[in-house]
Amino acid sequence: MKSTTKAWIAAAIGIVLSLGLIVWQVKAGRAAPVNLSADDMALIAADQGVQGRTRLSSSPEARKDFAKNLRELLSVAEEARVKGFAYKPEIRKQLEITKSVIIAQNYFKSDPSTANVSDADIEAYFKESGQEARFQEFINDLKSQDPNAAQQQIPEEQIKTARHQWGQVMVGERRGIAAGFDKKRNVELQIMLQQARVVAEAYAQENLSPEKNPSMKATDAEIDAYLKSHMEEQVHARHILIAPGNPEAQEEPDPAREEKDKAAARAKAEQVLKQVRAGGDFAALAKQFSADSGSKDKGGDLGWFPAGQMVPQFDKAAFALQPGQISDLVESQFGFHIIKVEERAMKEKDRNVARESIEQEKGKKWVEDIVKRSNVTVADNFQVTAPPPQVPTSPFGPGGPSEALPVPAPQDKTAKPGTSPKKNPGKKR
């Protein structure tokens, strides 16, 4: 199976219920404003993971931030509904599947033995009129979201697995409804929150993408003005990295050997530092001794960089030096560095950084304006009980049935790949 196919089916699988996700239950007619009480918020918090509940239980500020995030996303979902966006056929399908998954998830979680839906029950479900067609429509919707997947034949075994999982969840939903799980308040809240996330994300993608909404695009004039008002101090530095052992070797962990290698690297770095302080040519010594393949051939030259771009220990040491000064040994996870600062200056930020900052601010204001005119209220004075250490017991594994059912979700085809703000001054990964 091609990697692109694997990536497509993996991306298609799952609805994740985690801290900060929001939902909106779309109803026919005029829906009442969403008002989440302190009791509602306590139920929502209780459904978060151990780490999330621990944070919420110990920090009033975390609870306020959680409530603020919920209100923002619920407000965006509310506006999407008012403007009819939530009633688009493709959105409604996603909302229906979301509801099915959550009811089945809670039903199965209540008693692990209920997760054993038989093959006979699943086949009986698919023999019902329209169920095979509905599953095939679901597969077609998944393929339509990814042009690469649309050009490929999905392996038969993968289709069978997805079909089985689909049937398992749909049968689980029916049993859950029969047992009254859809009327439980915590389940209603999960459905509300998860559906709102689907609607809010899709609506935001339509309105926040500079390609789809030109008003969100940073103009050249805005970028120029931003750069002039956001000058930052940068340094131009060189370094010599002495790394323990053989950085390229794939060796089994051995604490004794690692300590020995580290001691040897420190001793070697101290000898190189003595040569530098004795007037040795820094660039020549970097070419001779540095383990940083990205800079050694340039005499250890790292060019200009702002604070926060390098690993913390390196960053702190470099910005403490004046031009011409040389650091003591600086230890990081990559080894021992000797740093020389060549120049310091106030410089403009990168133009792409400026563009991203401006567009992020526009997006933030877009959300804030929606919240201001929204009728959503969310209590932030709720209480959360700290959870005891526990092991996940879901019959579907740590992620619950969300890991088992493929669910199409809105995808931002205009999103740019993420980039790390850190630059590795040591060996490359």
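The first residue of the sequence shown is numbered 1, and numbering continues consecutively from there.
Every residue two or more places apart in sequence or in another chain was checked for a salt bridge (Lys or Arg N to Asp or Glu O under 4.0 Å) with Glu258, and none qualifies.
With hydrogens and angles ignored, the 3.5 Å screen pairs no side-chain donor or acceptor of Arg163 with any backbone N or O of Phe135. Checking side-chain atoms of Asp121 against main-chain N and O of Val117 turns up no donor-acceptor pair under 3.5 Å. Looking at Lys340, its side chain never comes within 3.5 Å of a backbone N or O of Ser327 through a donor-acceptor pair. Although no hydrogens or angles enter the test, the distance criterion places a donor-acceptor pair under 3.5 Å between the side chain of His230 and the main chain of Tyr226.
Taking 4.5 Å as the limit, every side-chain heavy atom of Leu73 sits out of range of all side-chain heavy atoms of Glu201. Under the 4.5 Å side-chain criterion, counting only non-hydrogen atoms from C-beta, Arg238 is in contact with Glu342.
Ring geometry, Phe305 versus Phe314: the interplanar angle falls from 30° to 60°, so the pair is classed tilted. The aromatic rings of His337 and His239 sit parallel to each other, their planes meeting at less than 30°, with 60° as the upper class boundary. Taking the six-membered ring for Trp and thresholds of 30 and 60 degrees, Phe138 and Trp166 have ring planes inclined between 30 and 60 degrees apart.
From Ile122, atom CD1 reaches atom CE of Met170 across 11.5 Å, with rounding to the nearest 0.5 Å.
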Notebook entry, point to check: What do the steps show when you test Gln51 against Arg55 for side chain to side chain contact (heavy atoms under 4.5 Å, CB included), and what is the final call?
Noted result: CA-CA 6 Å; Gln51 189 174 17; Arg55 187 167 67 89; 6.0 Å; no
Note to self: For Asn106 and Lys184: C-alpha separation, side-chain torsions, deciding distance, then whether side chain to side chain contact (heavy atoms under 4.5 Å, CB included) applies.
What the structure shows: CA-CA 10 Å; Asn106 281 275; Lys184 293 178 179 288; over 6 Å; no
Atom pairs and distances, side-chain donor-acceptor, residues 377-388, under 3.5 Å, sequence neighbours left out:
residue, atom, partner, partner atom, Å
Thr377, OG1, Asn35, OD1, 2.5

